[in-house]
Amino acid sequence: MIWFFYEYFLKIFYLKTGLLSFFSAFILVNIFTPLVINIGKNLKLYDFTDFRKEKKFPTVRIGGLSAIIGFLSAVIISKLTFFQNDLDLFNTVYFNSSLLLGFVFFGLGLFDDLFQLGPIKRLIIQFTSSLIISINFFNVTSLNISFLNFNLQILYLPLIVSVIFNFVWLAGVTNAINWMDGLDGLAAGIVFIFSISFMIISIYFGNIMPFVFSSALLGTSLGFLKFNSYPAKIFMGDTGSYFFGINIALL
């Protein structure tokens, strides 16, 4: 009986945190995206057509600004409302590292949108950021290979291999989301689907902060889709795709 009530209240708690995170992000993105569109038009920050984009006319490309405002506000509001400083080590590390890396990749994307960085410079910054995260926060130190039916169940990775693995994963997923931002609603739609999946996985494993981040991503992507669906009024640009991508990679 006690276990039943514990699970019941736990589900209610997850529901409340998820709803607050989702609606905060969704509402704020809907408020700020029209403002960002006007800023982009005034500053002529357009995304012109190229071989991988369906658009035939210039479209504002700094939608990531409204996305990061909505997302970060939702995450911080949820943390202050429900947790303050009451988080275990895993969720504290996840919160701190995700905010840090999110800001770095957001800044990288914004700088690229404004000044057009080359691919080598972007990869150097991405590698450096991944290295900092690997050393100071978390990395992939082992792989479960029990499904191969070998005598060896766990494969432990040397530090250098772990760092390279982290970089390939973080940069690979981030740039994959970046390359999807060519068709109206594609990148935001993929993030929306991923977010639902990660919410379910986070609940299953009892990881509350990844659940909050997933809920915020869900609200952010859904709010952004209103303006990014065909015919798109705004693209997320590298600013948004890098920020969305790194959070998907971290989750």
Side-chain angles (χ1 to χ4, degrees), residues 3-4 6-8 10-11 13-15 17-18 21-22 71 75 87-102 104-105 122-123 126-181 183 186-218 220-222 241-251:
W3 182 252
F4 171 79
Y6 172 76
E7 287 194 331
Y8 175 77
L10 192 62
K11 290 177 181 177
F13 179 71
Y14 269 94
L15 179 63
T17 56
S21 182
F22 170 81
F71 177 85
V75 169
L87 285 173
D88 60 25
L89 179 60
F90 167 79
N91 287 291
T92 300
V93 168
Y94 184 85
F95 180 83
N96 293 335
S97 59
S98 296
L99 288 189
L100 174 62
L101 206 53
V104 171
F105 274 68
R122 293 199 300 267
L123 280 175
Q126 290 173 1
F127 175 77
T128 304
S129 305
S130 302
L131 179 63
I132 293 172
I133 290 296
S134 298
I135 294 175
N136 294 286
F137 291 98
F138 60 83
N139 53 33
V140 178
T141 57
S142 62
L143 299 175
N144 187 328
I145 58 172
S146 58
F147 64 93
L148 296 176
N149 293 322
F150 292 156
N151 291 331
L152 186 65
Q153 300 285 312
I154 303 294
L155 178 64
Y156 292 97
L157 304 178
L159 179 60
I160 184 63
V161 176
S162 177
V163 170
I164 294 173
F165 188 97
N166 258 29
F167 165 67
V168 171
W169 179 261
L170 295 175
V173 173
T174 299
N175 287 301
I177 298 296
N178 175 250
W179 272 83
M180 291 177 187
D181 190 34
L183 299 177
L186 178 59
I190 293 295
V191 172
F192 176 81
I193 295 170
F194 279 156
S195 300
I196 296 175
S197 302
F198 285 127
M199 286 175 69
I200 296 171
I201 294 170
S202 298
I203 290 177
Y204 179 80
F205 285 105
N207 295 329
I208 187 64
M209 199 47 64
F211 177 73
V212 170
F213 273 68
S214 302
S215 303
L217 274 181
L218 184 67
T220 303
S221 57
L222 184 60
S241 61
Y242 280 6
F243 183 74
F244 277 125
I246 195 60
N247 277 286
I248 291 296
L250 285 168
L251 282 168

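Within a 6.0 Å radius of OH in Tyr94, other residues, nucleotides and ligands contribute more than 12 heavy atoms.
For the pair Gln153 and Ile145, the minimum side-chain heavy-atom distance is 4.5 Å or more. Using a 4.5 Å heavy-atom threshold, the side chains of Leu131 and Thr128 count as separate. In this structure, the side chains of Asp88 and Thr92 stay at 4.5 Å or more apart for every pair of heavy atoms. Using a 4.5 Å cut-off on side-chain heavy atoms (C-beta onward), Asn96 and Leu100 make no contact. Using a 4.5 Å cut-off on side-chain heavy atoms (C-beta onward), Ile154 and Leu143 make no contact. At a threshold of 4.5 Å between non-hydrogen side-chain atoms, the residues Pro158 and Val161 count as touching.
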Ring pair (Phe, Tyr, Trp, His ring centres under 6.0 Å) assessment of Phe71 paired with Phe213: CA-CA 8 Å; Phe71 177 85; Phe213 273 68; 5.6 Å; yes
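Annotation: the span from Phe105 atom CZ to Asn247 atom CG amounts to 10.5 Å, rounded to 0.5 Å. Here the CH2-CG distance, from Trp179 to Leu186, works out to 13.0 Å after rounding to the nearest 0.5 Å. Taken from CZ in Phe243 to CD1 in Ile248, the straight-line distance is 10.5 Å, to the nearest 0.5 Å. Here OH of Tyr242 is found 5.0 Å from CD of Gln126. Values are rounded to the nearest 0.5 Å. Considering OG of Ser197 and CG of Leu251, their distance stands at 11.0 Å, rounded to 0.5 Å. Separation of atoms CD1 (Ile208) and OG1 (Thr17) is listed at 4.0 Å; rounding is to 0.5 Å.
Of the possible donor and acceptor atoms, none in the side chain of Ser21 sits under 3.5 Å from a partner among the backbone N and O of Gly18. A distance-only check finds no donor-acceptor pair linking the side chain of Asn178 to the backbone of Thr174 [under 3.5 Å].
A search for side-chain contact (heavy atoms from CB on, under 4.5 Å) contacts involving Asn139 returns Ser134, Thr141, Leu159, Ser162, Asn166, not counting sequence neighbours.
Sequence neighbours left out, the pairs with a member in residues 151-170 that pass ring-ring contact (aromatic ring centres under 6.0 Å, His included) are Phe127-Phe167. Applying the side-chain hydrogen bond (donor to acceptor under 3.5 Å, both in side chains) definition to pairs two or more places apart or across chains, none involves residues 200-215.
When all heavy atoms are compared, the tightest approach of Ala216 to Val75 is CB-CG2, 3.8 Å. Scanning all heavy atoms of the two residues, the minimum distance from Met209 to Asn91 falls at N-OD1, 2.9 Å. Residues Ile246 and Gly102 approach most closely at CG2-CA, 4.0 Å, considering heavy atoms.
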